[in-house]
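Note sheet for the following structure.
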Amino acid sequence: MPPLLLLLTILPTLIFATRIPQIQGVHPSLLSKYKPEGTAWNCLDGTKSISWAAVNDDYCDCPDGSDEPGTSACPNNTFYCTNAGHIGATIPSSRVNDGLCEPSCCDGSDEPAGVCENTCGIIGEIYRKEQDTLRKLRRTGSKIRSTYIAFAQKEKKRLEAEVKISQKEIATLEKEVARCQDLVDRTEAISAEVLEHKKTSPLFASLITHHNALKSLQREHKKHLEREKQLSDILDTLRRGYNPNYQDMAVLEAVRGWEYLADLPHVGEAEREEGSDEEEEATIPANDAKQELEEGEWTKLQLENELDGLLNVDHVSLLMEHDTFVDSTASTSSLHDIKAYLPDFSVPQFKFLRDTLASWLNVIGIARFRGSSGAAIATTEVTKARQKLDDSKRSLDHAQKQLEKVQEDLNDLFELAGYGAQGEWKKLHNTCLTKDAGDYVYEVCLFEEAKQIPNHGGSTFSLGRFTSWNPSPDVAEGSAEYYSKQIYSHGTKCWNGPERSVQLYLTCGTENALLTVTELEKCEYLFTGTSPALCLPPLEEDKESGRDEL
């Protein structure tokens with residue numbers, strides 16, 4: 001190659017090398033590593049030592065490309081724009097010296113001098129004004145947020161106090177249950193022989209037989225209800241989907257018969273073609289219309305709701321109560337009533353002595369008393385003891401369930417996946433946000449349910465119930481981004497479509513408000529809104545952002 005041509009080939013490179021400083025494109029965190037040791041410099045990966053003059057000479061010498069932070073010579077490298085007056089930015093080195101002005105590099109340092117205008121002063125000023133507005137918004141919103149956190153702390157103290165009260169109440173009730181159980185055990189020991197004798201009576205045997213028969217009827221009744229439900233679903237599907245143009249008389253007769261039996265209106269051609277987004281409401285069949293019942297007969301509602309209670313009756317207690325009732329109504333001649341001959345002040349002592357004697361004579365088998373004798377006395381005492389035991393057990397069970405609920409509420413108060421690490425979302429539970437969109441009002445009650453409510457009549461549809469915060473695997477649980485999105489799913493199924501669902505995106509704001517409603521796909525909605533619960537204090541958020549303003 002002629003010397004002149006060779007000189008013309010290498011001259012641009014020489015000029016370029018003398019024009020770009022060695023620290024051009026270096027991130028501030030790495031500036032300390034871009035210092036020569038004499039005339040030499042070590043690649044950042046430590047694999048090679050090169051001349052300091054070879055740094056940013058538009059030729060890739062280091063295997064890691066660290067010698068070319070300001071050029072595009074090395075692939076997969078990055079270039080740092082200083083952007084004095086604004087915020088520094090990092091871009092791929094492939095965009096350096098490509099003739100295009102990168103918006104991220106407002107100082108134009110990614111291109112040769114004079115190619116791109118330095119707009120960092122203007123952009124920085126606009127950015128600072130926007131940030132100042134956002135800081136003021138966050139400052140106001142964070143004050144409201146602090147009241148939410150204070151509410152959560154008060155709620156915590158209240159729940160902790162309830163836990164202590166419940167624990168004391170449970171300890172007292174447990175002692176009462178133990179006392180009542182001991183009383184029942186002792187009372188039943190006395191009356192066991194009498195009780196066993198009464199259980200052999202025809203009345204008790206008949207009660208058990210009727211109980212078992214009723215239980216069997218209930219089981220079969222439930223089976224028939226389930227089969228009826230399945231058949232009605234099949235016929236409903238046939239009714240909505242059959243084509244009368246085929247003139248299939250068997251299908252038509254089946255549909256007409258079902259419509260008559262279930263008291264349903266005829267489905268016309270226009271209704272099938274147009275379709276409907278509203279689900280048909282359950283219709284009471286004509287055969288289930290009100291019928292006159294004989295005295296004492298149960299209604300359908302009673303059979304569904306009260307039969308279990310009837311089957312859970314304690315027949316032994318019932319038998320004892322029956323004996324007590326019979327004894328109380330039995331007529332006794334005053335001639336044989338010793339109490340009639342005693343002065344009033346001695347009647348209580350007489351009753352006590354009589355009952356005690358009757359009870360012990362019955363236990364040791366000397367005599368079996370009837371009527372108002374020891375058997376009835378023992379039976380009555382057992383019934384009373386059992387009633388006290390049952391009452392105390394119910395009270396204990398209720399107190400234990402209340403304690404479990406309070407402890408669950410307390411545990412959920414500061415759950416990351418619930419109300420946040422500081423409980424800042426607790427106060428907003430069931431706070432309802434609405435947006436009027438003309439034909440519909442859209443409502444979302446936080447942590448509960450989203451709805452579509454018609455303005456001009458019609459059915460209200462569930463758009464889903466709260467399922468979770470931001471479920472993206474790339475989002476850290478408990479972060480600001482995590483709490484910026486709520487998912488509501490499993491709403492009312494669309495006509496020939498999916499179940500309705502909502503994605504609610506929230507940002508910092510001084511009000512809890514719903515701003516926009518968009519239907520992204522069929523029956524899949526996007527809501528946007530604001531909440532003070534997302535307003536972190538300005539300094540705290542600036543630290544999280546990790547971006548330094550220059």
Side-chain angles (χ1 to χ4, degrees), residues 131-165 402 404-435 441-451 463-472 475-489 502-517 526-545:
Q131 290 302 303
D132 186 55
T133 301
L134 288 175
R135 273 192 291 272
K136 290 178 180 178
L137 175 66
R138 291 201 303 271
R139 191 175 295 113
T140 303
S142 66
K143 290 179 181 178
I144 302 173
R145 180 178 184 270
S146 65
T147 65
Y148 296 170
I149 295 174
F151 175 84
Q153 291 298 327
K154 290 181 180 178
E155 187 70 3
K156 177 186 176 184
K157 292 180 180 178
R158 184 186 70 81
L159 292 172
E160 287 175 340
E162 282 195 23
V163 167
K164 291 180 180 179
I165 293 172
Q402 284 293 106
E404 289 177 4
K405 184 180 183 304
V406 172
Q407 287 178 327
E408 184 179 345
D409 291 343
L410 185 59
N411 294 336
D412 291 344
L413 190 55
F414 300 107
E415 276 287 328
L416 291 181
Y419 300 121
Q422 295 178 287
E424 61 270 25
W425 293 93
K426 173 62 178 178
K427 190 173 183 179
L428 298 181
H429 188 121
N430 209 26
T431 296
C432 297
L433 316 179
T434 59
K435 177 68 176 178
V441 170
Y442 290 90
E443 176 185 78
V444 56
C445 295
L446 300 178
F447 301 99
E448 288 295 334
E449 187 176 17
K451 296 179 181 178
L463 302 183
R465 299 191 67 85
F466 175 74
T467 305
S468 69
W469 291 101
N470 194 336
S472 174
V475 176
E477 189 178 76
S479 65
E481 186 179 359
Y482 179 73
Y483 294 122
S484 66
K485 181 180 179 180
Q486 285 191 339
I487 304 298
Y488 292 79
S489 57
V502 170
Q503 296 181 40
L504 172 61
Y505 284 87
L506 296 168
T507 56
C508 168
T510 56
E511 294 181 348
N512 293 294
L514 199 59
L515 302 181
T516 65
V517 173
L526 170 66
F527 291 1
T528 64
T530 59
S531 174
L534 279 169
C535 296
L536 300 175
L539 291 177
E540 184 179 333
E541 188 168 344
D542 289 342
K543 288 180 182 178
E544 283 192 2
S545 66

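Just one of Phe151, Phe447, Phe466 meets the ring-ring contact (aromatic ring centres under 6.0 Å, His included) condition when paired with His429; it is Phe447. Checking each of Lys427, Glu424, Lys426 against Ile149 for a side chain to side chain contact (heavy atoms under 4.5 Å, CB included) leaves exactly one that passes, namely Glu424.
For the residue pair Thr510/Thr140, the side-chain donor-acceptor check at 3.5 Å is not satisfied. Lys485 and Tyr505 share a side-chain donor-acceptor pair at under 3.5 Å. When only modelled atom types and interatomic distance are considered, Asn512 and Ser531 share a side-chain donor-acceptor pair under 3.5 Å. With hydrogens and angles left out, the side-chain atoms of Thr507 and Thr530 include no donor and acceptor closer than 3.5 Å.
Checked against side chain to side chain donor-acceptor pair (under 3.5 Å), Thr147 has no partners two or more places apart in sequence or in another chain.
The shortest distance between side-chain heavy atoms of Phe414 and Tyr419 does not fall below 4.5 Å. Between Leu433 and Thr431 there is a side-chain heavy-atom pair separated by less than 4.5 Å. Considering only heavy atoms from C-beta on, Val444 comes within 4.5 Å of Leu514 through its side chain. Contact annotation: the side chain of Lys435 never approaches that of Val441 to less than 4.5 Å [non-hydrogen atoms, C-beta and beyond]. In this structure, the side chains of Glu443 and Glu449 stay at 4.5 Å or more apart for every pair of heavy atoms. In this structure, Leu504 and Leu446 have side chains that are in contact, with non-hydrogen atoms separated by less than 4.5 Å. Side-chain atoms of Ile487 and Gln503, non-hydrogen and from C-beta on, do get closer than 4.5 Å to each other. Using a 4.5 Å heavy-atom threshold, the side chains of Leu536 and Arg138 count as separate.
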**Message:** salt bridge (charged side-chain N to carboxylate O under 4.0 Å, His left out), that's the test. Do Glu155 and Arg158 meet it? Break it down for me.
**Reply:** CA-CA 5 Å; Glu155 187 70 3; Arg158 184 186 70 81; 2.6 Å; yes

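Here the CG-NZ distance, from Leu159 to Lys156, works out to 10.5 Å after rounding to the nearest 0.5 Å. The OG atom of Ser146 sits 10.0 Å away from atom CD of Gln422, with the distance rounded to the nearest 0.5 Å. With rounding to the nearest 0.5 Å, the separation of SG in Cys508 from CG in Leu137 is 4.5 Å. Distance check: Leu463 CG to Lys451 NZ gives 10.0 Å after rounding to the nearest 0.5 Å.
When the shell of 6.0 Å around CD of Glu511 is examined, it contains 12 or fewer heavy atoms from other residues, nucleotides or ligands.
Of all the heavy atoms in Cys535 and Gly509, the pair that sits closest is SG-N, 3.4 Å. Across all their heavy atoms, Val502 and Ala450 have their closest contact at CG2-CB, 4.1 Å. Minimum heavy-atom separation, Cys445 to Asn430: CB-OD1, 3.6 Å. Gly423 approaches Ala152 most closely through the heavy-atom pair O-CB, 3.3 Å.
You'll find the ring centres of Trp425 and Tyr148 outside the 6.0 Å limit.
Between Tyr442 and Phe527, the two ring planes are perpendicular [angle over 60°; tilted spans 30° to 60°].
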